[in-house]
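Everything numeric in this text was worked out from a predicted model, so none of it was measured.
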Amino acid sequence: MNVRIAAVSVVSAALVAVGATSAVAAPAPAPATITLKANHTAVKLGDVVTFTGKSTGLKEGSKVTLQVKSGATWKSLPVTAKVNHSAYKLTDKFQKKGVQVLRVKDGAAVSKGVSVTVR
């Protein structure tokens with residue numbers, strides 16, 4: 001009887017080890033990334049700036065939102081674009097003078113900020 005229990009224990013341990021190895025071997029999905037470029041870095045009040053960028057890891061048709069830095073926080077603007085072939089394009093007209101720092105966001109994916117000086 002003890003031989004049977006020992007055999008079951010060995011087989012069970014082997015199955016657990018194989019299952020644990022499989023779980024560790026599965027690669028984690030790469031995090032999504034977004035880039036951002038502005039066609040102008042200095043504009044006059046009321047001028048339109050076009051923002052373009054590329055993405056990796058975002059689903060086709062995902063919506064990116066333009067955000068502006070306000071103090072220490074980021075505020076979403078009513079400017080969005082859908083990702084098409086891993087790229088997007090959106091425009092915004094600036095109504096406030098000064099240096100505006102902007103970024104785009106989709107879920108946890110966030111681009112680096114770009115600065116636009118509005119005179």
Side-chain angles (χ1 to χ4, degrees):
M1 194 71 149
N2 288 338
V3 174
R4 185 183 276 172
I5 293 172
V8 170
S9 296
V10 169
V11 171
S12 296
L15 290 174
V16 168
V18 170
T21 304
S22 297
V24 173
T33 61
I34 307 174
T35 63
L36 176 66
K37 290 182 183 180
N39 69 333
H40 299 292
T41 56
V43 295
K44 293 179 183 175
L45 193 65
D47 283 354
V48 174
V49 176
T50 300
F51 297 95
T52 58
K54 297 188 182 238
S55 68
T56 58
L58 292 181
K59 291 182 179 180
E60 191 75 10
S62 292
K63 185 169 67 170
V64 294
T65 302
L66 187 65
Q67 294 184 319
V68 64
K69 192 164 190 178
S70 177
T73 62
W74 291 92
K75 296 191 178 190
S76 293
L77 299 173
V79 180
T80 62
K82 288 189 177 185
V83 174
N84 186 14
H85 299 292
S86 299
Y88 68 90
K89 178 180 176 181
L90 43 80
T91 59
D92 193 26
K93 185 185 286 190
F94 292 92
Q95 302 296 331
K96 182 179 174 186
K97 289 185 178 182
V99 176
Q100 306 291 319
V101 180
L102 300 114
R103 72 179 188 182
V104 289
K105 180 177 179 162
D106 175 58
V110 180
S111 72
K112 291 183 179 180
V114 296
S115 297
V116 176
T117 302
V118 183
R119 294 181 241 139

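Shown here for E60 and N84, the closest heavy-atom pair between the two residues is OE2-OD1, 3.0 Å. Looking at every heavy atom in both residues, K89 comes nearest to T52 through CG-CG2, 4.0 Å. Between V83 and K59 the shortest heavy-atom distance is CB-O, 4.2 Å.
Under a 4.5 Å side-chain heavy-atom cut-off, the cluster of Ile, Leu, Val, Met, Phe, Trp and Tyr residues that includes V48 has no other member.
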Let me have the donor-acceptor pairs involving side chains of residues 29-38, under 3.5 Å, with sequence neighbours excluded, atom names and distances please.
from: T33; atom 1: OG1; to: T56; atom 2: OG1; distance (Å): 2.4
from: T35; atom 1: OG1; to: K54; atom 2: N; distance (Å): 2.9
from: T35; atom 1: OG1; to: K54; atom 2: O; distance (Å): 3.4

Give the table of side-chain donor-acceptor pairs shorter than 3.5 Å for residues 98-112, with sequence neighbours excluded, one pair per line with atom names and distance.
from: R103; atom 1: NE; to: Q67; atom 2: OE1; distance (Å): 2.6
from: R103; atom 1: NH2; to: Q67; atom 2: OE1; distance (Å): 3.0
from: S111; atom 1: OG; to: V104; atom 2: N; distance (Å): 3.0

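Here N39 pairs with V49, T50 under the side-chain contact (heavy atoms from CB on, under 4.5 Å) rule; sequence neighbours left out. Q95 pairs by the side-chain contact (heavy atoms from CB on, under 4.5 Å) definition with K93, not counting sequence neighbours. Applying the side-chain contact (heavy atoms from CB on, under 4.5 Å) criterion to K63, with sequence neighbours excluded, gives T80.
Under the 4.5 Å side-chain criterion, counting only non-hydrogen atoms from C-beta, F51 is in contact with V114.
Taking hydrophobic clusters as Ile, Leu, Val, Met, Phe, Trp and Tyr residues chained together by side-chain heavy-atom distances below 4.5 Å, Y88 does not share a cluster with W74. Linking Ile, Leu, Val, Met, Phe, Trp and Tyr whenever their side-chain heavy atoms come within less than 4.5 Å puts L90 and V118 in one cluster.
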